[in-house]
Amino acid sequence: MRRPPNATRGEPTAVPEQMSIQQRSALSQLAAGEQLLTFGIVVPVKSAKGIKVSFHGHGKLGGHVGDYLMHNIGAASGGAGSIASGMPQTSGALLLRVTDQRVGLVRHLDGTPVWEVPRTWVARVERRPRLQLMARFRLHYADGSWLAFLTMRRRTIETFKGVLGG
């Protein structure tokens, strides 16, 4: 057995199991008895940056067109008052965690909740065509609204589908 550097001789010690920062964040602030089912790093499409589409050879203009289309057409569905419309504006990557009680976004470094809904409000996960390097999916809610997300691994989407349905 390996001895931690701060251990004193004569006392039995064990090295704690290593846990990733993302796993600690996903487990952060769970209610008593709540079970974490899965988690993955995602980027909400409505806050994604750098989507590029070539528009007649004009990269900068194409980038603006791509960003506009991504943020305004394929990012979310559902009007004011829908479940999807309740998600606040965010920036950058977040951790999507699924527990036996809720589905929500938390900051991936410290586990601070950004937005959460009861698990019963989530209807299914739909994998969408890939855009460049990132895999894309939609989280559909019970009221018919949805939010689109990007992730680096298709396997992450398949895990969400296995837990939430799809």
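Everything numeric here is computed off the predicted structure, so don't read it as measured data.
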Quiz prompt | Point-to-point distance, once rounded to the nearest 0.5 Å, from CG of L96 to NE2 of H108 | solution = 13.5 Å
Quiz item: Is there a side-chain contact between I41 and T151, using heavy atoms and a 4.5 Å cut-off?
Solution: no
Quiz item: Taking C-beta and beyond as the side chain, do V103 and R97 meet within less than 4.5 Å on heavy atoms?
Solution: no
Quiz prompt | Within 6.0 angstrom of L36 CG, more than 12 heavy atoms from elsewhere | solution = yes
Quiz item: Going hydrophobic residue to hydrophobic residue with side-chain gaps under 4.5 angstrom, can you get from V114 over to Y141?
Solution: yes
Quiz item: For residues 29-41, which residue pairs qualify under salt bridge (charged side-chain N to carboxylate O under 4.0 Å, His left out), counting only residues two or more places apart or in two chains?
Solution: E34-R102
Quiz item: In the single-linkage hydrophobic clustering (I, L, V, M, F, W, Y; side-chain heavy atoms under 4.5 Å), do L109 and V42 co-cluster?
Solution: no
Quiz item: Taking the six-membered ring for Trp, are W146 and H140 parallel (under 30°), tilted (30 to 60°) or perpendicular (over 60°)?
Solution: tilted
Quiz item: How many angstroms lie between CE in M87 and CG in L147, if you round to the nearest 0.5 Å?
Solution: 5.5 Å
Quiz item: Closest approach of L139 and F149, non-hydrogen atoms and distance?
Solution: CB-CE1, 4.0 Å
Self-check item: Connected via hydrophobic side-chain network under 4.5 Å: M152 and V43
Solution: yes
Self-check item: Closest non-hydrogen atom pair, Q23 against F39
Solution: CA-CZ, 3.7 Å
Quiz item: Would R119 and L37 satisfy side chain to side chain contact (heavy atoms under 4.5 Å, CB included), going step by step from the backbone distance to the final call?
Solution: CA-CA 11 Å; R119 185 155 177 234; L37 302 177; 3.6 Å; yes
Exercise. Please round to the nearest 0.5 Å and tell me the distance separating atom CG of D110 and atom CG of L95.
Key: 10.5 Å
Under 3.5 Å, side-chain donor or acceptor atoms of residues 156-166 against the rest of the protein: list the pairs with distances, not counting sequence neighbours.
{"residue": "E158", "atom": "OE2", "partner": "R127", "partner atom": "NE", "Å": "3.3"}
{"residue": "T159", "atom": "OG1", "partner": "R155", "partner atom": "O", "Å": "3.0"}

Quiz item: If every non-hydrogen atom of S145 is compared with every non-hydrogen atom of A84, which pair is closest and at what distance?
Solution: OG-N, 3.2 Å
Quiz item: Within the side chain of D143, is there an N or O that forms a donor-acceptor pair under 3.5 Å with the backbone of S82?
Solution: no
Quiz prompt | Check: W115 side chain, P88 main-chain N or O, donor-acceptor pair, under 3.5 Å | solution = no
Practice problem: Output every pair passing salt bridge (charged side-chain N to carboxylate O under 4.0 Å, His left out) with a member in residues 19-28, not counting sequence neighbours, ordered by first then second residue. | Solution: none
